[in-house]
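On a predicted model such as this, the values are computed, not experimentally measured, just so you know.
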Amino acid sequence: QLQLVESGGGLVQTGGSLRLSCAASGITLDYYAIAWFRQAPGKEREGVSCISGRDGGTYYADSVKGRFTISRDNAKNTVYLQMNSLKPEDTAVYYCAADFLRLCVLLKGDFGSWGQGTQVTVSS
């Protein structure tokens, strides 16, 4: 069965870095778009980044472009989100999500499968 498990969150100061991991089981990454979403207290869930299954192409929200990098290791069935130059407004629970043959441009909250999330807190 498809499962996604996030890890790597924590507390970091403004300007610091974290790397989040999304370990997938029950799927082959070549067939799935894998995305990162985040939800801050009192705010709507936001699509952050996505990597496509077909070609590994990437997408980033304007708010994180140039600071975050998504990548995958197919052998490990793991997707990473490297987050640099973190800001307090990046504070949120970060979720990874998977969808079969999804187009990354369709970065909406209707992905088929979701992890449980990992907390990222950036102190000012």
Side-chain angles (χ1 to χ4, degrees):
Q1 192 68 255
L2 170 58
Q3 294 187 65
L4 303 171
V5 180
E6 303 96 334
S7 62
L11 175 64
V12 65
Q13 295 186 70
T14 297
S17 298
L18 287 171
R19 189 179 74 163
L20 306 184
S21 297
C22 175
S25 60
I27 64 170
T28 299
L29 295 183
D30 284 346
Y31 303 146
Y32 287 80
I34 307 295
W36 289 96
F37 292 79
R38 66 187 182 187
Q39 189 163 26
K43 295 185 178 180
E44 184 179 334
R45 186 171 295 184
E46 174 190 18
V48 175
S49 188
C50 181
I51 186 163
S52 69
R54 65 201 77 206
D55 61 3
T58 58
Y59 167 87
Y60 300 94
D62 289 343
S63 59
V64 306
K65 196 167 187 177
R67 300 188 297 122
F68 292 9
T69 303
I70 192 169
S71 62
R72 71 184 184 190
D73 185 334
N74 286 2
K76 297 181 179 179
N77 249 37
T78 299
V79 173
Y80 304 96
L81 185 68
Q82 179 66 46
M83 306 186 296
N84 298 326
S85 302
L86 283 162
K87 306 173 181 179
E89 49 263 47
D90 295 317
T91 295
V93 177
Y94 283 71
Y95 301 88
C96 64
D99 213 11
F100 184 64
L101 300 181
R102 182 87 170 206
L103 296 176
C104 274
V105 69
L106 301 176
L107 192 54
K108 301 171 63 178
D110 60 348
F111 272 54
S113 299
W114 295 80
Q116 294 300 306
T118 185
Q119 176 70 47
V120 172
T121 303
V122 184
S123 62
S124 60

*Answer yes or no: does atom CD of Gln3 have more than 12 heavy-atom neighbours from other residues, nucleotides or ligands under 6.0 Å?*
no
*How are the rings of Phe37 and Phe111 set relative to one another: parallel (under 30°), tilted (30 to 60°) or perpendicular (over 60°)?*
perpendicular
_Can you tell me if Gln116 has over 12 outside heavy atoms packed within less than 6.0 Å of its CD?_
no
*Stepwise side chain to side chain contact (heavy atoms under 4.5 Å, CB included) check, Val79 with Cys96*: CA-CA 9 Å; Val79 173; Cys96 64; over 6 Å; no
*If you measure only the distance, is there a donor-acceptor pair under 3.5 Å linking the side chains of Glu46 and Ser63?*
yes
*Say whether Tyr32 and Leu20 are linked into one hydrophobic cluster, either directly or through other cluster members, by side-chain heavy-atom distances under 4.5 angstrom.*
yes
*Do Arg19's NZ or CZ and the ring of Tyr80 fall within the cation-pi criteria of under 6.0 Å and 45°?*
yes
_Parallel, tilted or perpendicular, judged at 30° and 60°: which one describes the rings of Tyr94 and Phe68?_
tilted
*Could you point out which residue of Ile70, Asp99, Thr78, Ile27 forms a side-chain contact (heavy atoms from CB on, under 4.5 Å) with Ile34?*
Ile27
*With a 4.5 Å heavy-atom cut-off, do Arg38 and Asp90 have their side chains touching?*
yes
*asked:* Would you say OH of Tyr31 has more than 12 non-hydrogen atoms from neighbouring residues, nucleotides or ligands within 6.0 angstrom?
replied: no
*asked:* Same cluster or not: Tyr59 versus Leu29, using hydrophobic residues (I, L, V, M, F, W, Y) connected whenever any side-chain heavy atoms lie under 4.5 Å apart?
replied: no
*Please report the shortest heavy-atom distance between Asn84 and Ser17, naming the atom on each side.*
OD1-OG, 2.9 Å
*asked:* With heavy-atom distances below 4.5 Å as the criterion, would you say the side chains of Leu81 and Glu6 are in contact?
replied: no
